[in-house]
Amino acid sequence: MKDNENKNGFLFEAVNYKILLIGLAVIAVGFILMSGGGSEDSAVFKEDELFSFRRIRLAPTVVLAGFGVVIFSIFKKSK
């Protein structure tokens, strides 16, 4: 058996999986921040809610940060 192979059959170590789950949670938070902004009345368009800072700037940044964390968890080398 090679030195760099895990003996338990998993592809990554436990630390990598924890970081991966954190990244997935950050992505989920970003999509939750993006949701909403609808109107009860279909004749009313709420531009302030739909094009708010949270939905246009913050949520996509949080999603991209989550993808960055996931990519980091994949490339993190085991010791």
Side-chain angles (χ1 to χ4, degrees):
M1 189 180 266
K2 295 180 183 178
D3 291 338
N4 60 357
E5 288 184 24
N6 288 340
K7 295 175 183 72
N8 57 9
F10 289 109
L11 187 60
F12 300 121
E13 290 186 351
V15 175
N16 295 74
Y17 286 113
K18 289 177 186 176
I19 296 172
L20 179 72
L21 290 175
I22 290 170
L24 291 174
V26 170
I27 292 170
V29 167
F31 278 110
I32 290 169
L33 287 173
M34 240 184 271
S35 68
S39 177
E40 297 295 327
D41 184 15
S42 62
V44 176
F45 181 71
K46 296 181 181 179
E47 185 176 351
D48 295 341
E49 286 186 30
L50 190 62
F51 299 118
S52 66
F53 171 79
R54 184 184 74 165
R55 289 187 180 91
I56 297 297
R57 301 278 186 218
L58 181 64
T61 304
V62 171
V63 170
L64 288 175
F67 281 124
V69 172
V70 169
I71 290 170
F72 172 75
S73 73
I74 292 171
F75 285 118
K76 185 177 180 319
K77 295 274 187 182
S78 58
K79 292 183 180 182

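Hydrogens, waters and symmetry mates play no part in the numbers below; they use all other heavy atoms, side chains included. All figures in this text were calculated on a predicted structure; none of them were measured in a lab. FYI, the numbering just counts along the sequence from 1.
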Report the distance from atom [atom1] of [X] to atom [atom2] of [Y], rounding to the nearest 0.5 Å.
| X | Y | atom1 | atom2 | result |
| --- | --- | --- | --- | --- |
| E13 | K18 | CD | NZ | 11.0 Å |
| F72 | N16 | CZ | CG | 8.5 Å |
| R57 | S52 | CZ | OG | 11.5 Å |

Shared ILVMFWY cluster between [X] and [Y], side chains joined below 4.5 angstrom?
| X | Y | value |
| --- | --- | --- |
| I71 | L21 | no |
| L58 | V26 | yes |
| V15 | F75 | no |
| L50 | V44 | no |
| L11 | L24 | yes |

Is the side chain of R54 donor-acceptor paired with the backbone N or O of M34 at a distance under 3.5 Å, no angle test?
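Not confirmed, R54 side chain does not pair with M34 backbone.
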
Closest non-hydrogen atom pair, [X] against [Y]:
| X | Y | value |
| --- | --- | --- |
| I19 | K76 | CD1-CD, 3.8 Å |
| G30 | A59 | O-CB, 3.4 Å |
| F31 | V63 | N-CG2, 3.9 Å |
| Y17 | F12 | CE1-O, 3.4 Å |
| I27 | V70 | CD1-CG2, 4.1 Å |

